[in-house]
Amino acid sequence: MEVNSIYEGDNLEIMSKFPDKSVDLMYADPPFYTNKRFEIIWKDGAEKRAFEDRWAGGIEHYTAWMEPRLRECHRLLKNTGSFYLHCDYHASAHLRILLDKIFGESNFRNEIIWKRKTGRGETQHKSKQFGVCTDYILFYSKSKDSKFNSQFKPVSEADDEYKEYVKKFYTHIDKEGRKFQIDNLASPSPRPNLTYEYKGYKPPAYGWAIEKEKMEQWDKEGRLWFPANKKGRIRRKRFLDELKGQPIQNLWDDIQPISSQSNERLGYPTQKPVALLERMIVTSSDKGDLVLDPFCGCGTTIVAAQKLGRKWIGIDVSPTACKLMQKRLRKEFSVSVHIIRGEVDLNYVKKLAPFEFQNWVITDKFLGKVSERKVGDMGIDGFTPQVLGGYPIQVKQSPDVGRNVVDNFETAMRRIGKKKGYIVAFSFGKGAIEEVARIKNAGELDIILRTVQELLDGRVD
Ligand SMILES: C[S@@+](CC[C@H](N)C(=O)[O-])C[C@H]1O[C@@H](n2cnc3c(N)ncnc32)[C@H](O)[C@@H]1O
């Protein structure tokens with residue numbers, strides 16, 4: 001397990017190699033069960049590709065896929081560790097049952113509701129349901145010994161509600177000009193050992209809330225309020241300048257989603273705001289702790305962890321996402337991070353999503369550039385680097401590619417006026433090979449057929 005690294009591959013396989021009880025905090029934001037197809041539009045507009053979030057087998061299929069991954073998350077957590085699972089209404093109930101089973105009901109901490117949309121949400125004008133503007137974050141701990149650093153929402157002087165509150169409660173001012181309110185100092189239950197007289201003031205019926213030493217200390221610090229009448233009760237001063245703010249509750253409506261105007265926006269369709277991750281990280285970990293995100297996307301978790309002085313590991317199955325994370329870390333922290341990949345063999349390449357396959361061939365192997373748009377839809381997916389001729393490349397993630405593919409590619413090459421080009425596939429049929437030979441013999445164009453195995457062996461010429 002290499003900390004501060006990005007792992008590229010299936011998180012189940014990668015996590016299974018990590019040791020038990022090695023992680024302090026995990027945040028998982030898996031593909032939701034939404035039956036939707038997202039379009040990835042990277043910021044530079046260079047790539048527009050599909051992002052699948054589709055579970056043909058229904059919810060059981062989804063939970064069966066999630067279960068072993070959630071079990072791995074549980075295994076990796078230390079006893080003091082915490083787990084946050086981000087989901088939405090499609091699957092939250094199912095995931096809650098599953099997590100209760102894995103973590104134990106008593107380790108359920110909260111269902112956090114994040115208001116991820118402002119305004120009217122998704123309600124259409126004539127819809128017969130309420131708009132949806134929330135996601136859920138299911139929060140579990142590994143045991144009762146989990147870390148929890150309470151968080152407070154800072155109060156804002158400009159907030160009208162706050163101004164009213166101060167006016168109503170902070171009605172006293174001490175000699176130094178500090179505003180305070182007075183609060184009860186009586187014990188709520190009988191405390192015979194805390195029943196003592198102080199400076200001539202009788203104790204309340206159940207005694208004081210603090211011991212005599214503490215009473216003396218608070219007195220010295222000016223934290224006690226003594227009524228003029230000795231028959232009255234001593235009270236505690238709560239100073240306005242020591243008000244930490246309101247404790248954070250499970251409704252998180254103060255963290256803005258990534259909008260088209262957000263500075264942090266990278267164009268990754270499911271990108272979460274850094275502030276959301278920061279809240280979980282400061283709550284459930286300390287500096288130097290290890291944070292792991294098994295569905296890391298464009299790296300929001302690792303950016304927040306790096307910012308807050310935590311160690312981190314990000315895992316994503318998408319090579320494009322991993323490269324984006326690497327770029328993001330370099331840009332934001334000037335750190336260069338290593339991507340750890342499992343073995344890249346035929347099996348790995350076969351399983352890549354179509355756009356990932358294309359990126360692998362064109363950018364990883366040919367060091368070229370993926371076409372911004374399909375060139376006239378003539379099947380040109382990218383080009384070799386300009387210094388190496390800028391030749392067109394067509395990519396087929398299939399075996400036994402036939403003559404018609406070669407013919408179409410030949411037409412496309414003629415149209416753009418290139419004399420050389422590459423077609424990449426798992427294998428080529430006899431028709432394709434003969435056609436390429438015929439075209440070459442005619443002496444005008446050079447079409448090179450490259451198999452994926454040849455690319456794996458380093459042949460890109
Ligand atoms: C909802 S997105 C995460 C977004 C992320 N929280 C962010 O702020 O960018 C889910 C991610 O899970 C990745 N993913 C899907 N299946 C995976 C698997 N089996 N192993 C690792 N990553 C996976 C997808 O590539 C996608 O990037």
Side-chain angles (χ1 to χ4, degrees), residues 5-18 25-34 36-43 47 49-55 61-62 64-73 76 84-88 90-92 95 114 116 135-137 255-259 262 264-281 291-307 312-329 332 339-342 348 351-357 359:
S5 302
I6 298 166
Y7 281 81
E8 182 188 304
D10 184 348
N11 49 23
L12 182 58
E13 199 186 318
I14 291 168
M15 287 194 288
S16 71
K17 301 200 175 103
F18 291 165
L25 166 63
M26 288 176 113
Y27 166 80
D29 179 17
F32 291 175
Y33 177 75
T34 54
K36 257 193 209 157
R37 206 173 218 277
F38 293 104
E39 285 288 294
I40 290 185
I41 303 158
W42 304 110
K43 203 169 187 175
E47 288 180 51
R49 298 288 182 265
F51 175 82
E52 295 263 6
D53 184 12
R54 209 179 261 224
W55 303 95
H61 188 94
Y62 180 69
W65 184 83
M66 283 298 291
E67 180 162 356
R69 291 172 170 81
L70 295 174
R71 287 199 184 280
E72 279 302 299
C73 291
L76 295 189
Y84 293 80
L85 178 67
H86 198 129
C87 53
D88 73 3
H90 291 91
S92 62
L95 292 169
W114 176 48
R116 66 172 168 85
D135 276 357
Y136 300 96
I137 302 172
I255 296 178
Q256 298 311 308
I258 302 282
S259 72
S262 304
E264 28 179 312
R265 184 170 186 270
L266 296 166
Y268 204 76
T270 52
Q271 181 183 356
K272 302 297 179 296
V274 173
L276 185 73
L277 271 301
E278 283 180 335
R279 179 165 293 169
M280 293 176 244
I281 293 173
V291 179
L292 189 150
D293 184 338
F295 295 94
C296 211
C298 63
T300 312
T301 306
I302 61 180
V303 164
Q306 174 80 18
K307 225 171 132 183
W312 49 264
I313 288 177
I315 308 174
D316 205 287
V317 73
S318 153
T320 312
C322 291
K323 276 197 210 104
L324 185 67
M325 285 188 232
Q326 196 181 36
K327 214 163 134 188
R328 191 173 178 189
L329 285 162
E332 294 197 26
I339 298 180
I340 302 171
R341 251 186 209 174
Y348 168 90
K351 282 198 280 183
L352 288 175
F355 84 93
E356 301 282 13
F357 177 70
N359 284 349

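Along the sequence shown, residues are numbered consecutively beginning with 1. The basis for the numbers below is simple: all heavy atoms, side chains too, and nothing from hydrogens, waters or symmetry mates. Indexing begins at 1, ligand by ligand and atom by atom, following the structure's order.
Residue contact check for ligand 1: Arg69 places a non-hydrogen atom closer than 4.0 Å to it. The shortest heavy-atom distance from Tyr7 to ligand 1 is not under 4.0 Å.
Numbered from 1 in the order shown, with element, the atoms of ligand 1 that lie under 4.0 Å from a heavy atom of Asp29 read 1 (C), 2 (S), 3 (C), 4 (C), 5 (C), 6 (N), 10 (C). Of all atoms in ligand 1, listed by their number and element, those nearer than 4.0 Å to a heavy atom of Cys296 are 5 (C), 7 (C), 9 (O). Per-residue contacts place Asn11 under 4.0 angstrom from the following atoms of ligand 1 (heavy atoms of the residue considered): 18 (C), 19 (N), 20 (N), 21 (C). Close contacts between ligand 1 and Asp10 involve ligand atoms 18 (C), 19 (N), 20 (N) [criterion: under 4.0 Å to a heavy atom]. Annotation for ligand 1: atoms under 4.0 Å from non-hydrogen atoms of Lys272 are 6 (N), 7 (C), 8 (O). Under a 4.0 Å criterion applied to the non-hydrogen atoms of Pro294, ligand 1 contributes the atoms 21 (C), 22 (N). The atoms of ligand 1 that sit less than 4.0 Å from any heavy atom of Gln271 are 7 (C), 8 (O), 9 (O). Those atoms of ligand 1 that come under 4.0 Å of a heavy atom in Ser318, given as number and element, are 25 (O).
Side-chain contact of Ser16 with Glu72: a donor-acceptor pair under 3.5 Å is absent, judged by distance alone. Side chain to side chain, Gln271 and Thr300 fail the donor-acceptor criterion of an N or O pair below 3.5 Å. Glu8 and Tyr348 form a side-chain donor-acceptor contact under 3.5 Å, judged by distance and modelled atom types alone.
With hydrogens and angles disregarded, a donor-acceptor distance shorter than 3.5 Å links the side chain of Trp114 to the backbone of Ile255.
Screening Val317, Asp316, Asp293, Ile315 for a side-chain contact (heavy atoms from CB on, under 4.5 Å) with Asn11, the sole residue that qualifies is Ile315.
Between atom 7 (C) of ligand 1 and the options Thr300, Leu276, Thr301, Ile302, the minimum heavy-atom separation is to Thr300. Nearest-heavy-atom check against atom 9 (O) of ligand 1 across Cys87, Pro30, Cys298 picks out Cys298.
Note: Phe295 and Trp65 have tilted aromatic rings, judged against thresholds of 30 and 60 degrees for the angle between ring planes.
To the nearest 0.5 Å, atoms CD (Gln326) and OG (Ser5) are separated by 10.5 Å. With rounding to the nearest 0.5 angstrom, the NZ atom of Lys17 is 10.0 Å from the CG atom of Leu12.
Of the N or O atoms in Tyr27, none lie within a sub-3.5 Å distance of an N or O in ligand 1. Residue Val317 has at least one nitrogen or oxygen atom sitting less than 3.5 Å from a nitrogen or oxygen atom of ligand 1, judged on distance alone.
The closest side-chain heavy-atom distance from Thr301 to Asp29 is not below 4.5 Å.
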